[in-house]
Amino acid sequence: MDTAPDSTSFDADVAVIGLGAVGSSAAWRLAARGLDVLGFEQFEPGHAWGGSTGKTRLFRVACLEHPGLTPIARRARDLWRELEASSGEPLFLETGGIMVGPPDSHLIEGTLRAAEAHDLPVERLDAEAIARRSPANARIEPGDVGVWDPEAGILRPEAAIIAAAAAARAAGADLRTGVRVVAIEPDADGVTIRTAGPGEADAPSFRVRRVAVTAGPWIGRFVPEVPLTPHRVVMTWFRPREGHAADLDVLPVFIRSVPGHDTWIWGHGALPDGDARARGFGGFDAKVGPEFDGPFDADDPDAIDREVHPGETDGISELVAATFPDLEPDPSGVTTCIMTHTPDGQFVVGPTADPRVFVGGGCSGHSFKHASALGELVAQAVAGEPAFTDASFLDPRRFATAPATG
Ligand SMILES: Cc1cc2nc3c(=O)[nH]c(=O)nc-3n(C[C@H](O)[C@H](O)[C@H](O)COP(=O)(O)OP(=O)(O)OC[C@H]3O[C@@H](n4cnc5c(N)ncnc54)[C@H](O)[C@@H]3O)c2cc1C
């Protein structure tokens, strides 16, 4: 990035707005490049009010959503491992993962497409092999097949974000938490960042050369031309029935079709407190969630209903009952979270039409695993470096309508 002095004085080379999954890593990767970074987070890193709460997130390398995501997942895993080392916190647990569904489903075809494109060591499974690999997944429709992704696993989102923010600070970033940005104003020389700290009538503003907007569900406040739909979702956990098992040995990371239903579910088994593999992950019950296939209502991220109402979990309970005879279908735990959808289900990472404004977000329900590497891609875009992989399918400008001709 060109940091030559000019007529304006700057508070930093780059501001990062929002220090959640992508933003904390973007701040880290920018600071690691020697850029002067000013980061803003309206809450505290690891908070429960954005898109990254809920104890765990699934990690997969054979990414059914797009084969171009595989190199991003692998780079992300390296960075998560680096954060594990710097923080001393366990962040990633490799469990392997199983995908189960009709052979011509997007779930199976998409997984195999990514595996073939990158020569991944996945295994194709028939019904018997599915039951052997994951006894809890033995109930399937006739004809369903499985794919085993040995590199799949579980991440700890809150701890990972805290670790990335700490790494950013250690690399020299100035991170301001409890500070809400209210406006970004790009001009010919740079960008003015206006804040509204709690209780401050005249909160300070800052001048930076460039800005990375990584505000998750709130990105639309700053970059309305990127079409994002924040949407409230409910996450659910389930306990095994008395005398039955549903831990990670029998129920590793999974995405699978539901017998008798035209939909998928995703999740992972339980990791009891004290389990040797827990390594500080903390105990949790099995997690099961529904496919999110839209259409989605746009919810105001500042006005999310945090209460879970009677009847709201009936749908997922029915899917659990149809799939997993070993689980109690009534949830043992529930919480709310915000998912932010793009029109094509891929993230938005890179430059906008304004050369000083960059974006990293658009989770579409599958970005946490990639977030450390998405932070790296944001940093490379801001710094003017070539991306470590072809990420053109994530270009935020892909939704711009073509200018009228004639
Ligand atoms: C139910 C559910 C399940 C999911 N499961 C998976 C999964 O299994 N695997 C996977 O890979 N992904 C999964 N995802 C997706 C993933 O968790 C999220 O996409 C990802 O964590 C979002 O990261 P983000 O950085 O875009 O947003 P966030 O983590 O929400 O970060 C945005 C940050 O910006 C801050 N901010 C916003 N506005 C301002 C402002 N004005 N001033 C200062 N700060 C601001 C917010 O407070 C927040 O901290 C799931 C998502 C959901 C909702």
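Positions are given from 1, in the same order as the sequence printed here. Order of listing sets the numbers, starting from 1, for every ligand and every atom in it.
Qualifying side-chain contact (heavy atoms from CB on, under 4.5 Å) partners for Ala170, counting only residues two or more places apart in sequence or in other chains: none.
Donor-acceptor pairing under 3.5 Å is lacking for the side chains of Thr336 and Arg232. A donor-acceptor pair shorter than 3.5 Å can be found between the side chains of Thr342 and Asp344.
Any N or O atom pair closer than 3.5 Å counts here, and Leu58 shares at least one such pair with ligand 1. Here's the thing with Gly362: none of its N/O atoms is less than 3.5 angstrom from an N/O atom of ligand 1. Polar contact check, Ala21 against ligand 1: a nitrogen or oxygen pair lies under 3.5 Å apart. Taking any N or O of Val22, backbone or side chain, at least one lies under 3.5 Å from an N or O belonging to ligand 1. Here's the thing with Glu41: one of its N/O atoms is less than 3.5 angstrom from an N/O atom of ligand 1.
Closest heavy-atom approach to atom 53 (C) of ligand 1 among the candidates Gly46, Cys337, Gly20, Gly216: Cys337. Nearest-heavy-atom check against atom 32 (C) of ligand 1 across Ala165, Ala215, Pro157 picks out Ala215. Compare Trp266, Trp218, Phe222 by their heavy atoms: the one nearest to atom 3 (C) of ligand 1 is in Trp266.
Shortest contact from atom 30 (O) of ligand 1 to any protein heavy atom: Gly51 N, 2.8 Å. For atom 41 (N) of ligand 1, the nearest protein heavy atom (residue, atom name, distance) is Val181 O, 2.9 Å. Scanning all protein heavy atoms for the shortest distance to atom 14 (N) of ligand 1 gives Gly365 O, 3.4 Å. Atom 46 (C) of ligand 1 has its closest protein heavy atom at Gln42 NE2, 3.4 Å. With respect to atom 4 (C) of ligand 1, the closest heavy atom belonging to the protein is Arg57 NE, 3.5 Å.
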Run the side chain to side chain donor-acceptor pair (under 3.5 Å) test on Ser25 and Glu376 for me, step by step, so that the C-alpha distance in whole Å, both residues' side-chain angles and the decisive distance to 0.1 Å come before the verdict. CA-CA 7 Å; Ser25 280; Glu376 175 101 322; over 6 Å; no
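Contact between Phe222 and Val181 at its shortest, heavy atoms only, is CZ-O, 3.4 Å.
Under 4.0 angstrom from ligand 1, the non-hydrogen atoms of His47 all belong to its side chain. Neither the backbone nor the side chain of Thr56 has a heavy atom within less than 4.0 Å of ligand 1. Only the backbone of Ile338 comes within 4.0 Å of ligand 1, counting heavy atoms alone; no side-chain atom from C-beta on gets that close. By the criterion of a heavy-atom distance under 4.0 Å, the side chain of Pro217, and not its backbone, is placed next to ligand 1.
Between Phe284 and His268, the two ring planes are perpendicular [angle over 60°; tilted spans 30° to 60°].
Atoms of ligand 1 found under 4.0 Å from any heavy atom of Gly50 (numbered from 1 in listed order, with element): 30 (O).
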Can you list, pair by pair, the side-chain donor-acceptor contacts under 3.5 Å of residues 233-242, counting residues two or more places apart and other chains?
residue: Thr236; atom: OG1; partner: Val288; partner atom: O; Å: 2.8
residue: Arg239; atom: NE; partner: Asp285; partner atom: OD2; Å: 3.2
residue: Arg241; atom: NE; partner: Pro325; partner atom: O; Å: 2.9

